[in-house]
Amino acid sequence: FPIIRAQSSPDFVPDAHFYKVEAILRPWRIQQVSSALLKMGIRGVTVSDVRGFGAQGGLTERQAGSEFSEDKFVAKVKMEIVVSKDQVEGVIAKIIEEARTGEIGDGKIFLIPISDVIRVRTGERGEKAERMVGGHADMSSALSTS
Ligand code: ATP
Ligand code: GLN
């Protein structure tokens with residue numbers, strides 16, 4: 001059997017300056033998650049209404065029969081948050097804290113390395129484009145200089 005090690009940091013993903021935290025969550029928890037993220041200085045967030053199939057859908061499916069049918073997809077919200085590498089674990093921990101019920105269907109988080117960020121208004125790239133005025137990095141540096 002292969003040895004499976006629990007991973008608590010994204011050491012195994014390709015190294016990048018920025019990552020996208022993509023979380024598929026329960027729609028009725030989104031308000032709570034986004035206000036907690038905003039409180040920690042995460043201001044750039046994209047959400048979409050999606051429909052998905054996981055263990056939760058699978059349970060329904062097994063009860064309903066063998067055929068995988070489209071009406072078994074469950075309504076979810078996809079949250080996409082691009083942050084700098086040092087903010088990834090904090091964002092993931094916050095999402096889990098606010099989104100978890102402990103029941104099947106709480107969702108899943110995917111971590112995706114991002115090659116670059118470009119701000120359309122200014123043409124800025126990289127760190128300049130990813131940083132947001134009054135955002136998490138500004139909040140942290142204000143704390144450490146005062
Ligand atoms: P500007 O200073 O020109 O307003 P901005 O960086 O604040 O630039 P917006 O143009 O306000 O970016 O962002 C447009 C949309 O892009 C947002 O509504 C949001 O959906 C998405 N977005 C921006 N930043 C992020 C991010 N870091 N992660 C995920 N989505 C983001
Ligand atoms: N990393 C950015 C900052 O610290 C915030 C990114 C975001 O809000 N998604 O300013």
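Counting begins at 1 with the first residue of the sequence. For ligands, and for the atoms within them, numbers begin at 1 and follow the listed sequence. On a predicted model such as this, the values are computed, not experimentally measured, just so you know.
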- Task: Just need the protein heavy atom nearest to atom 10 (O) of ligand 2, so name the residue and atom and give the distance.
- Result: Met132 N, 2.9 Å
- Looking only at non-hydrogen atoms, the one of Ser84, Gly44, Gly135 nearest atom 24 (N) of ligand 1 is Gly44
- Query: Is Ile30 close to Met79 at the side-chain level, that is, under 4.5 Å between some pair of heavy atoms?
  - Reply: yes
- Note on the structure: Tightest non-hydrogen contact, residues Ile109 and Ala23, listed as CG1-CB, 4.0 Å
- Heavy-atom distance from atom 13 (O) of ligand 1 to the protein below 4.0 Å? no
- Message: Using a strict threshold of under 4.0 Å (side-chain N to carboxylate O), is an ion pair present between Lys78 and Asp49?
- Response: no
- Looking only at heavy atoms, what is the nearest atom pair of Lys94 and Ala36, with distance? CD-CB, 3.8 Å
- Query: For ligand 2, which atoms sit closer than 4.0 Å to a heavy atom of Arg43?
  - Reply: 7 (C), 8 (O)
- Select the closest option to atom 9 (N) of ligand 2 among Val82, Val91, Leu38, judged by heavy-atom distance. Val82
- Query: Is Ile42 in polar range of ligand 2, meaning some N or O pair under 3.5 Å apart?
  - Reply: no
- Note on the structure: Ile81 heavy atoms within 4.0 Å reach ligand 1 at atoms 28 (N), 29 (C)
- Could you walk me through whether Asp106 and Arg29 pass the salt bridge (Lys or Arg N to Asp or Glu O under 4.0 Å) test, one step at a time? CA-CA 9 Å; Asp106 275 351; Arg29 281 291 177 115; over 6 Å; no
- Note on the structure: Per-atom filter on ligand 2: closer than 4.0 angstrom to a heavy atom of Gln87 are 1 (N), 2 (C), 3 (C), 4 (O)
- Task: Return a yes/no value: protein heavy atom under 4.0 Å from atom 18 (O) of ligand 1?
- Result: no
- Task: Please determine if Ala137 has a nitrogen or oxygen closer than 3.5 Å to a nitrogen or oxygen of ligand 2.
- Result: yes
- Considering only protein heavy atoms, which is closest to atom 1 (N) of ligand 2, and at what distance to one decimal place? Glu130 OE2, 2.5 Å
- Note on the structure: One finds that the ligand 2 atoms under 4.0 Å from a non-hydrogen atom of Gly135 are 10 (O)
- Between Ala137 and Gln87 the two heavy atoms that sit nearest each other are N-NE2, 3.6 Å
- Message: Just verifying a value: how many Å separate Arg119 CZ and Met132 CE, rounded to the nearest 0.5 Å?
- Response: 6.0 Å
- Protein residue, atom and distance nearest to atom 5 (P) of ligand 1, heavy-atom basis: Arg119 NE, 3.7 Å
- Stepwise side chain to side chain contact (heavy atoms under 4.5 Å, CB included) test for Val83 and Lys20: CA-CA 6 Å; Val83 294; Lys20 180 164 77 171; over 6 Å; no
- Query: When you measure from atom 30 (N) of ligand 1 to each heavy atom in Val83, Val82, Val47, Thr46, which option holds the nearest one?
  - Reply: Thr46
- Right, does atom 9 (P) of ligand 1 have protein non-hydrogen atoms nearer than 4.0 Å? no
- Go through the steps to decide whether Lys85 and Asp15 satisfy the test side chain to side chain contact (heavy atoms under 4.5 Å, CB included), and finish with yes or no. CA-CA 9 Å; Lys85 182 181 185 172; Asp15 196 36; 2.5 Å; yes
- Message: Only heavy atoms of Arg131, strictly under 4.0 Å: list the atoms of ligand 2 that pass.
- Response: 10 (O)
- Query: So, Thr122 versus Glu124: side-chain donor-acceptor pair below 3.5 Å or not?
  - Reply: yes
- Message: Salt bridge check, Asp116 against Arg125: does any charged N sit closer than 4.0 Å to a carboxylate O?
- Response: yes
- Query: For atom 2 (O) of ligand 1, which of Arg131, Arg121, Glu80, Met132 has the closest heavy atom?
  - Reply: Arg121
